[in-house]
Structures are given as structure tokens and as C-alpha cells.
Colleague: 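Provided herewith is a single structure, encoded as C-alpha cells, for subsequent inquiry.
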Amino acid sequence: MALNYIWSGFFLVGFLAALAQWIFLGDTEIFKKIVDGTFESAKMGVMDIALPLAGVMTLWLGIMNIGEKAGAIGWLAKVISPFFSRIFPDVPKDHPATGHMVMNFSANLLGLDNAATPFGLKAMESLQTLNPDKDTASNAQIMFLVLHTSGLTLIPLAIMAQRAILGAKDPSDIFIPCMIATYVATLTGIIVVSIKQRINLLNRVVLGWLGGMTAAICSLVFFFTNYLSKPEIELVSRVSSNLILFSIIIIFILGAMRKQVNVYEAFIEGAKGGIQTSLTIIPYLVGMLVAISVIRNSGVLGFVVRGLEWVFINLGMRTEFTPALPTALMKPLSGSGSKAMMIDAMTTYGVDSFVGRLACIFQGSADTTFYIVALYFGSVGIRKTRYAISAGLIADLAGIVSAIFVAYLFFG
């Protein structure tokens with residue numbers, strides 16, 4: 001029901017904003033801009049996202065099936081089941097969904113979006129088998145989606161690459177701020193959903209895992225900043241992430257061969273669902289992308305940013321960060337839109353300016369909540385999202401606030 005109101009609201013608010021610009025500002029092109037944007041977004045949803053995703057899905061669903069036949073997915077589920085059984089109490093121990101979620105989170109941590117999406121869709125499909133009400137998101141599905149939308153990424157490769165293209169003196173200087181902001185968003189997501197689902201996080205297992213992950217991230221930050229130069233950080237990040245991903249494929253194949261599994265047939269068996277999954281999500285994807293396009297092209301974000309700036313000024317707060325806010329506001333709606341906002345901020349204010357760097361931290365602090373809701377829930381036919389969107393947006397807000405504080409700490 002929440003998604004119904006949000007989707008309808010995007011169109012209604014966009015229309016009112018466009019009407020105001022036509023009547024009071026004399027903008028006669030605003031409606032054409034919005035309509036052209038809807039056509040472009042509909043085309044992008046099918047031609048640039050769904051169809052290319054069919055190929056990626058076909059590949060990785062086949063690889064995942066090999067991993068399941070090899071027993072690797074089950075092994076992953078056993079390793080992490082002590083932690084996941086606490087935050088996903090409705091998922092049985094050693095269930096394949098646990099392994100699929102681990103693969104998704106691992107790919108996200110490495111910044112490998114193309115691999116993370118098939119893993120995530122497979123995880124959502126596995127969780128759907130445990131869902132008693134197929135039309136409504138289960139507690140486990142909501143926890144998984146919110147953790148995914150918080151966008152925990154160790155190495156923001158795409159952002160660093162874009163900064164390098166635009167001539168930044170040190171493209172990787174946003175590496176640590178991005179990691180801190182996205183980690184805050186993830187922890188917030190876990191806490192918010194746990195409170196809603198009455199999950200006890202104050203036990204030794206959960207605290208041990210969260211403490212261990214925190215220590216691991218801090219150690220990685222310490223090693224990168226004290227023992228590697230900036231070019232070495234980028235090189236290590238790029239090589240290690242892709243090496244790990246390809247190593248996973250090799251391990252799956254070797255494990256399956258060890259069990260005398262026909263690897264090629266296992267791949268074909270799993271890959272058959274790739275195209276069907278991509279076709280299933282097209283209506284959900286196009287619907288959400290078109291609604292987001294209306295909000296973007298109607299100028300609503302500009303009104304919101306100016307309104308927020310007025311509020312901050314009257315509260316006596318610093319406002320150096322407000323020019324970067326369009327990136328933060330667009331991020332939950334559209335990854336490509338927020339990337340365009342980030343690039344615009346860097347080119348307008350300077351790639352090494354406070355605003356340019358903050359826009360990059362915003363881009364790396366969370367993921368595209370509405371897009372992920374449409375994609376993941378749409379893939380299994382869920383229409384009632386319950387509190388998934390609100391919890392995801394709270395995590396996004398935590399990432400935005402922490403990004404601002406971290407930017408002032410590092411670059412202010």
C-alpha cells in the first residue's frame with residue numbers, strides 16, 4: 001500500500017510543480033520535458049537495464065547453481081548461520097537463502113554491482129519460498145532488502161574512477177569517508193528493522209559479529225592509509241575485487257567437479273531462469289523509473305533543496321553542504337540520476353572542492369532504495385512492501401547525515 005501512495009504521489013507532486021512553473025514562471029517547456037523524460041525512462045528500463053540484466057542474470061544464475069551443486073552455498077550458510085539466525089530468525093539454519101544473501105553482500109562489499117544483482121535476486125527468490133503470504137513482504141525479506149539498500153561497500157571503485165577522469169589530485173581521498181558513511185547507514189538499517197521486528201541485538205553472537213566486522217573495516221582503513229600510496233590503493237582495490245570474484249567461479253567449478261557433477265549441465269539448468277526473471281521485473285522497473293523521472297524533470301528536487309537551505313540558514317547552521325544535496329536526494333530514487341548529479345557538482349564547483357567531494361560521499365553512502373524495492377520485490381511478485389521503504393529511507397538519512405559530518409571532518 002505504501003508503494004501505491006508513493007508512486008501516485010510522484011506523479012501528482014510532479015504535475016503540481018510543473019503547473020506552478022508554467023503559471024508563475026512562464027516555463028512553457030516544462031510539460032514537454034516531463035513527457036520526454038517518461039519516454040526516455042521507459043526505454044531505459046527495458047533497453048538499458050532489463051535486457052542487459054538478462055545476460056548477466058543468465059550467467060550468474062548458472063554459476064550459482066554450480067555453487068549449490070558443489071555444496072559451496074550450503075557451506076557459506078553454515079559459516080554465517082550463527083549471526084544470520086539472530087537477525088533472520090524466520091530463516092532456518094543452513095537454508096540456501098543464507099548462502100545467497102552472503103554472496104550478494106560480498107559482491108556489494110567489493111563494489112561489483114553486476115554480480116551483486118543476480119545474487120540478490122536469487123536470495124529474494126529463496127526467501128520467497130519461506131514466505132507464507134506471497135503477496136506481502138516477509139520480515140526476512142524486509143531485513144535483507146534494507147541491508148541491501150544501505151549499500152555497504154568497502155571500495156567505491158566507480159566513484160574513484162569518475163574522480164580520476166575529472167582530474168582529481170587524489171581520486172581516492174573519499175575512500176575512507178564513503179566507507180564510514182555507508183557503514184553508519186548499514187548499522188542504522190539493522191537497528192531500525194530489529195526494533196520493528198523485536199530482534200534482540202544485545203547478545204554475544206550479534207555483538208561479536210558486528211564488532212568483528214567493525215574491527216575488520218578499521219584494520220583495512222588503517223592498512224590502506226598507512227602502508228599503501230593512493231595509486232596503490234586504487235590498484236589493489238581494482239585487482240583484488242575482480243580476482244576474488246573470478247576465484248569464486250573457479251572454486252564453484254572445482255567443487256562441483258570434485259563431487260562429479262556435470263558442470264555444464266548444472267550451469268544450463270540454473271541459467272534458464274535468467275531471462276524469465278528479467279522479463280518479470282520489466283513492469284515494476286518501468287513503472288518506478290517513469291515515476292522517478294517525473295519527480296526529477298519537474299524540478300521538485302530543486303524546490304526541496306532551496307527550501308532546506310532556507311531552513312538551515314534560519315536555524316543558524318552552516319550551508320556549504322547544500323549544493324551537494326541534489327545527489328543525496330536523488331540517490332534513493334535513481335543511481336544513474338544521482339551519478340549525474342555527482343558529476344554536475346564536481347564540474348560546477350570543482351572536483352576537489354568541498355561540494356564535489358561531499359557529492360561523491362553522498363553517492364557512496366547508500367544505495368537506490370526505490371529502484372531496489374521495485375526490482376527485488378517485483379521479481380517475486382510482492383506488492384505489499386509494509387515498512388521496507390520507510391526503514392530503507394531512515395538508513396539512507398543516516399548515511400546522508402554521517403556523510404555531511406565526515407565531509408566536514410576530512411575536508412571542511
Side-chain angles (χ1 to χ4, degrees), residues 3-53 158-159 162 165-166 281-311 321-351 355-356 358-360 362-363 366-375 378 389 393 396 400:
L3 197 57
N4 171 51
Y5 291 133
I6 291 171
W7 190 82
S8 301
F10 281 0
F11 282 93
L12 295 176
V13 171
F15 174 75
L16 292 175
L19 194 63
Q21 291 177 75
W22 175 48
I23 294 174
F24 298 109
L25 301 179
D27 188 348
T28 58
E29 295 295 316
I30 186 65
F31 292 107
K32 180 180 185 302
K33 182 179 178 182
I34 292 175
V35 172
D36 288 348
T38 62
F39 291 144
E40 183 63 29
S41 294
K43 177 184 175 182
M44 181 178 71
V46 177
M47 303 303 294
D48 297 337
I49 298 179
L51 292 184
L53 182 61
I159 299 174
Q162 190 62 59
I165 291 171
L166 294 178
I281 66 174
I282 285 178
Y284 300 91
L285 202 54
V286 169
M288 184 56 67
L289 289 175
V290 168
I292 289 169
S293 172
V294 170
I295 283 291
R296 183 175 67 247
N297 291 310
S298 64
V300 170
L301 288 181
F303 292 143
V304 172
V305 170
R306 287 191 288 274
L308 289 174
E309 186 174 15
W310 180 85
V311 171
F321 64 90
T322 53
L325 283 178
T327 304
L329 296 176
M330 181 58 68
K331 184 63 178 180
L333 302 174
S334 167
S336 59
S338 63
K339 180 181 179 181
M341 296 290 187
M342 177 190 72
I343 294 172
D344 180 68
M346 286 192 287
T347 54
T348 301
Y349 296 91
V351 66
V355 171
L358 177 56
C360 293
F362 281 148
Q363 180 72 3
D367 214 327
T368 48
T369 299
F370 287 99
Y371 167 80
I372 290 173
V373 167
L375 179 67
I389 294 176
L393 291 178
D396 291 342
I400 291 170

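This chain uses plain numbering: 1 for the first residue, then up along the sequence. Hydrogens, waters and symmetry mates play no part in the numbers below; they use all other heavy atoms, side chains included.
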Colleague: Is the shortest heavy-atom distance from the side chain of L393 to the side chain of F370 under 4.5 Å?
Modeller: yes
Colleague: To the nearest 0.5 angstrom, please state how far the CD1 atom of I6 sits from the CD1 atom of I389.
Modeller: 4.0 Å
Colleague: Tell me the closest heavy-atom pair linking W7 and G287, and the distance in Å.
Modeller: NE1-O, 2.7 Å
Colleague: Please report the C-alpha distance between K331 and I400 in whole Å, then the side-chain angles of each, then the deciding distance to 0.1 Å, and finally whether the side-chain contact (heavy atoms from CB on, under 4.5 Å) criterion is met.
Modeller: CA-CA 10 Å; K331 184 63 178 180; I400 291 170; over 6 Å; no
Colleague: How close do A374 and M288 get, heavy atom to heavy atom, and via which atoms?
Modeller: CB-CB, 3.7 Å
Colleague: Quick one: closest heavy-atom pair of A345 and V355, and the distance?
Modeller: CB-CG1, 4.2 Å
Colleague: Going by side-chain hydrogen bond (donor to acceptor under 3.5 Å, both in side chains), name the pairs with one or both residues in residues 31-40, residues two or more places apart or in two chains.
Modeller: K32-D36
Colleague: How would you list, by chain and number, every residue that makes a ring-ring contact (aromatic ring centres under 6.0 Å, His included) with Y371, sequence neighbours excluded?
Modeller: none
Colleague: Under the side chain to side chain contact (heavy atoms under 4.5 Å, CB included) rule, collect the residues that match up with I372, sequence neighbours excluded.
Modeller: L145, H148, T149, D367, T368, Y376
Colleague: Residues in side chain to side chain donor-acceptor pair (under 3.5 Å) with S293, at least two apart?
Modeller: S41, N297
Colleague: Kindly write out the residues that satisfy side chain to side chain contact (heavy atoms under 4.5 Å, CB included) with T347, not counting sequence neighbours, or none if the list is empty.
Modeller: L166, I343, D344
Colleague: If you measure from CZ on R306 to OG1 on T322, what distance do you get to the nearest 0.5 Å?
Modeller: 11.5 Å
Colleague: Does F303, at its CZ atom, have more than 12 non-hydrogen atoms belonging to other residues, nucleotides or ligands within less than 6.0 Å?
Modeller: yes
Colleague: Roughly how far, to the nearest 0.5 Å, is the CZ atom of F362 from the CG atom of L325?
Modeller: 5.0 Å
Colleague: Considering all heavy atoms of both residues, which atom of I159 and which atom of M342 are nearest to each other, and what is their separation?
Modeller: CG2-SD, 4.2 Å
Colleague: Side-chain donor-acceptor contacts of residues 10-27 below 3.5 Å, not counting sequence neighbours, with atom names and distances?
Modeller:
| unit_1 | atom_1 | unit_2 | atom_2 | d |
| --- | --- | --- | --- | --- |
| Q21 | NE2 | A17 | O | 3.3 |
| Q21 | NE2 | S298 | O | 2.3 |
| D27 | OD1 | E29 | N | 3.1 |
| D27 | OD1 | I30 | N | 3.3 |

Colleague: Not counting sequence neighbours, which residues clear side chain to side chain contact (heavy atoms under 4.5 Å, CB included) with A366? List them please.
Modeller: D396
Colleague: Flag the pair Y284 / L375 as yes when at least one side-chain heavy-atom distance between them is below 4.5 Å, and no otherwise.
Modeller: no
